[in-house]
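What follows is a short report on a single structure.
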Amino acid sequence: MDYQSLIEEVHHEVEVMGLRGQLANYIPELSLVDPNQFGICLVDCKGNIYGTGDYQKSFSIQSISKVFTLTMAFSVMKDIFRKRVNVEPSGNPFNSLVQLEQEDGIPRNPFINAGALVITDAIISQYPDPEKAIHNFIRSIACEVQIPVNPLVHQSELAHSSRNRALANFMKSFGNIDNSIDRIIEVYTYHCSLEMSCEQLAKAFLIYANDGHSVFCEDHILDGSSIKRINALMLTCGFYDEAGDFAYKVGLPGKSGVGGGVGAVLPGRFSIAVWSPELNTKGNSVKGIKALEILTDKLGVSLF
Ligand code: GLU
């Protein structure tokens with residue numbers, strides 16, 4: 001399969017459509033990026049890397065980091081699921097408070113902010129230096145050392161974290177938060193502020209396409225049944241309240257972030273990362289979603 005020509009063709013087709021969206025501006029620092037950037041990187045299960053456009057430029061991974069913290073939680077604390085975080089799509093915006101009240105402070109899934117805050121809380125309880133543990137985990141699955149935190153994005157998120165603090169406080173009132181709210185918000189915003197390129201992200205996502213193995217380093221990161229569950233969560237909950245639409249159009253497990261990145265996998269074949277900062281009204285990258293739709297249509301493959 002000539003993946004290089006394919007992604008170049010897709011990149012070109014999307015570029016000439018002139019699609020526009022909005023930069024995330026509720027985290028002010030994210031509204032300062034050049035909106036015209038657009039990169040695609042595909043990594044096949046043999047470890048061949050194909051890239052086009054801005055695929056080596058770093059961007060804010062934001063909620064894509066929730067896949068990595070979920071993966072850490074899966075390796076060490078499976079009993080958190082259902083007891084403290086559920087595994088159902090929410091059908092609500094990522095930072096919504098409403099379901100939490102009806103469902104006794106148990107978030108619907110680990111990819112909405114409330115669920116990711118519970119996972120971060122559990123990681124804080126487990127590791128003496130949670131920032132370092134998360135950072136090192138991501139470096140190890142991507143087999144990349146250069147994955148910086150953007151301190152300006154981190155500060156910007158911290159300064160505009162009222163909604164996330166509200167979610168954490170609300171869950172604490174139901175007894176579903178152990179650590180201090182300040183500490184949880186610090187660690188959560190830290191992992192959202194990490195920066196990766198499409199190439200690094202596609203390398204990290206390869207474990208979800210390759211039964212828990214990375215071909216870039218020797219480690220076997222997770223067993224196949226955990227990978228199955230993480231992929232199921234990505235498919236059903238990975239795109240905010242647009243997860244159904246993404247499954248319909250693209251048909252791959254994946255996760256997006258408000259930095260405009262999307263990571264996705266076709267198990268047994270490849271992982272792919274697309275980045276373009278302008279978002280649709282649901283918070284997903286406009287060009288990223290279109291690129292993945294065209295790519296899976298052209299390939300004639302998906303999970304289905
Ligand atoms: N740090 C962002 C927030 O909590 C992540 C949002 C996202 O990418 O979905 O609002």
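Ligands are counted one by one from 1 in listed order, and the atoms in each one are counted from 1 as well.
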Atoms of ligand 1 close to [X] [distance to a heavy atom under 4.0 angstrom, numbered from 1]:
X: V258; answer: 6 (C), 7 (C), 8 (O), 9 (O)
X: Y240; answer: 7 (C), 8 (O), 9 (O)
X: G257; answer: 8 (O)
X: E157; answer: 1 (N), 2 (C)
X: N164; answer: 3 (C), 4 (O), 10 (O)

Might you point out which heavy atoms bring I177 and M171 nearest each other, and give the distance in Å?
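That closest heavy-atom pairing would be CG1-CB, 3.8 Å.
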Of the protein's non-hydrogen atoms, which lies at the shortest distance from [atom], and what is that distance?
atom: atom 7 (C) of ligand 1; answer: S63 OG, 2.6 Å
atom: atom 10 (O) of ligand 1; answer: Y26 OH, 2.6 Å
atom: atom 2 (C) of ligand 1; answer: Q62 OE1, 3.0 Å

Parallel under 30°, tilted from 30 to 60°, perpendicular over 60°: which one fits the rings of [X] and [Y]?
X: F239; Y: F246; value: parallel
X: H154; Y: Y190; value: perpendicular
X: W275; Y: F59; value: parallel

Between ligand 1 and [X], is the shortest N or O to N or O distance under 3.5 Å?
X: K66; result: no
X: Y188; result: yes
X: C192; result: no

Strictly under 4.0 Å, does any heavy atom of N95 approach an atom of ligand 1?
no
Would you tell me whether N179 and S125 have side-chain atoms, one donor and one acceptor, within less than 3.5 Å of each other?
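Indeed, the side chains of N179 and S125 share at least one donor-acceptor pair under 3.5 Å.
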Can you tell if the side chain of N109 reaches within under 4.5 Å of the side chain of I112, non-hydrogen atoms only?
yes
What part of N113, side chain, backbone, both or neither, has a heavy atom within less than 4.0 angstrom of ligand 1?
side chain
When you look for heavy atoms under 4.0 Å from ligand 1, do you find them on the side chain of T189, its backbone, both, or neither?
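The answer is neither.
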Hey, what do you get for C41 versus C198: SG atoms under 2.5 Å apart or not?
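Judged by the SG atoms alone, which are 2.5 Å or more apart, C198 and C41 are not bridged.
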Report yes or no: is the cationic atom of K203 (NZ for Lys, CZ for Arg) closer than 6.0 Å to the six-membered ring centre of F216, at no more than 45° off its axis?
yes
Examine K228 relative to F74 and say whether NZ or CZ is less than 6.0 Å from the centre of the six-membered ring and inside a 45° cone about the ring axis.
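No cation-pi geometry.
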